Protein chains: 2
Amino acid sequence: MDTTQRTEQQRSADRRRRELLEAADRVVLRDGPQASMNAIAAEAGITKPILYRHFGDKGGLYAALAKRHTDALLDSLRAALDAPAERRERVESTLDTYLAAIEARPQVYRFLMHPAEGSSGDQEFDVGKHSAPLLRRMGEELAQVIEERLDLGPGSQQLARVWGHGIVGMMHAAGDWWLGERPCSRAELVRSLADLLWGRLAAAGDRIGGPGF
Amino acid sequence: MDTTQRTEQQRSADRRRRELLEAADRVVLRDGPQASMNAIAAEAGITKPILYRHFGDKGGLYAALAKRHTDALLDSLRAALDAPAERRERVESTLDTYLAAIEARPQVYRFLMHPAEGSSGDQEFDVGKHSAPLLRRMGEELAQVIEERLDLGPGSQQLARVWGHGIVGMMHAAGDWWLGERPCSRAELVRSLADLLWGRLAAAGDRIGGPGF
DNA sequence: ACATGCATGTTACTTGCGGTAACCGCAGTC
DNA sequence: GACTGCGGTTACCGCAAGTAACATGCATGT
């Protein structure tokens, strides 16, 4: 077993895999998250069984596809999050980066958020891993940054994780809604969300009548 | 056409419909969101075409089912949200109500959040209505309450809507994560989220090194 | 040179689900 | 007693996931 040969085959297989992923990418971009394996295979110029050999099942293919985009997006977000700037500015820049991404390629976004569940494997109802992996990863990532950068006193790690997932969820839901209705510009949305995080909810005055009764 | 006769038939049909929904409910509770129409029909003691006569297609059935649970949950939330108490208390109580609900019946929760998309009807990729109707409705509801109760200055309506969807998303994502990992008690989670909304993120001090560099 | 093995590719199939067409039987009605 | 409307069934279509079995090319071991 010559190692160079081995790596040669390996490299070839990897190249093929990448080609297949690119084809799948094109199809998903065109047909949305419910693209059929047949369609993807056709786009790649081959037939189904090859896809299954490479990725196991549809879930595997989708996971591989999602990982690429997720990694790319996370890189952008990390860059915004780690920039040498004031906290508020960093927060706004991160929000804007995310929103710009989903605005630029909504199909990819939708694919990442709704990775065509089901796939016939979810027999027993496992409570974990409901939401898309992207959301979880973003949440954990943000939690880590928060915990590294901020001084939150005792229980900081737990608090940071809650906040990480919470803030990501806020960004996601607001972004999803905004993408559908486009009620304002991106900049306004960013500003409103940052204001929310900056405690304007608590600081706002009551309207006539007050909170009681 | 006797009207009493008409209503008699109507009532009968409605009763049947309700029975079918209850059966569907049981199955979804058991098998998760990907329960098959066959299974639901079997549980109801009948066969598929009847389901289709009553609900049109799977989407229709699921929509009807979702509406019931969504309405019920929204009622609870409204009660917590409109209680005569301090704002922070109301917020915490609302968060807790939501989390208690998803904790008590995670299957229902999952069903509401991932209403088994696809259904063969989504040919063209329409960007709108990505997330579950429940999220949207909660967001709008909360937005309305915020706008009614708080004095946010100019542009208040838009701000309220952004916040409504944002806060709901925060609650949802944090709740989803919490439900999967159970890293802390419900009360702690509620407190942490309320703290986030109360601006503790902005108020926290920097850790060694500061924000710049 | 030849058989061997292995990766790549194909056709053709099974299974299972959403959805539908056509038929069945029983009330009540004229 | 034939006619009609409604609750119900069987049997089917189309389509997508996933698989089995077969074909082919290319490097290797002897």
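Any value given below was found using the heavy atoms of this structure, including those in side chains, with hydrogens, waters and symmetry copies removed. Sequence lines set the chain letters: A, B, ... in the order given, protein chains first and strands last, and positions in each chain run from 1. These numbers were taken from a predicted model, which means no experiment stands behind them.
- Every salt bridge (charged side-chain N to carboxylate O under 4.0 Å, His left out) that Asp195(B) has, sequence neighbours left out, goes to Arg88(B), Arg200(B).
- When rounded to the nearest whole Å, the span between NZ of Lys58(B) and C1' of dT20(C) equals 17 Å.
- Although no hydrogens or angles enter the test, the distance criterion places no donor-acceptor pair under 3.5 Å between the side chain of Tyr98(A) and the main chain of Gly175(A).
- Atom OH in Tyr62(A) sits about 11 Å away from atom P in dA16(D), given to the nearest Å.
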Per-pair distances, 0.1 Å, donor-acceptor, side chain in residues 74-82 of chain A, under 3.5 Å, sequence neighbours excluded:
unit_1, atom_1, unit_2, atom_2, d
Asp75(A), OD1, Arg78(A), NH2, 2.9
Ser76(A), OG, Ala72(A), O, 3.3
Arg78(A), NH1, Glu141(A), OE1, 3.3
Arg78(A), NH1, Glu141(A), OE2, 2.2

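- For DNA chain C, the neighbouring residues in residues 44-56 of chain B, judged by any heavy atom under 4.0 Å, are Lys48(B), Pro49(B), Tyr52(B).
- Atom CG of Asn38(B) and atom P of dT10(D) are 11 Å apart (whole Å).
- Among residues two or more places apart in sequence or in another chain, the salt bridge (charged side-chain N to carboxylate O under 4.0 Å, His left out) test is passed with Glu22(A) by Arg68(A).
- Taking five base pairs at each end of the helix from dA1(C)-dT30(D) to dC30(C)-dG1(D) and finding the rotation axis that steps the C1' atoms of four pairs onto the next four gives two axes whose angle is 30°, to the nearest 10°.
- Asp71(B) pairs by the salt bridge (charged side-chain N to carboxylate O under 4.0 Å, His left out) definition with Lys67(B), Arg137(B), not counting sequence neighbours.
- Rounded to an integer number of Å, the gap from Met37(A) CE to dT10(C) P is 14 Å.
- Applying the salt bridge (charged side-chain N to carboxylate O under 4.0 Å, His left out) test to Arg26(A) and every residue at least two apart in sequence or in another chain returns Glu43(A).
- Distance CD (Gln34(B)) to P (dA17(D)): 15 Å, rounded to an integer number of Å.
- With sequence neighbours left out, the side chain to side chain contact (heavy atoms under 4.5 Å, CB included) criterion links Val168(A) to Leu135(A), Met138(A), Leu142(A).
- Side-chain nitrogen and oxygen atoms of Arg16(A) include at least one within less than 4.0 Å of the OP1 or OP2 phosphate oxygen of dG9(C).
- Glu19(A) pairs by the side chain to side chain contact (heavy atoms under 4.5 Å, CB included) definition with Arg15(A), Arg16(A), not counting sequence neighbours.
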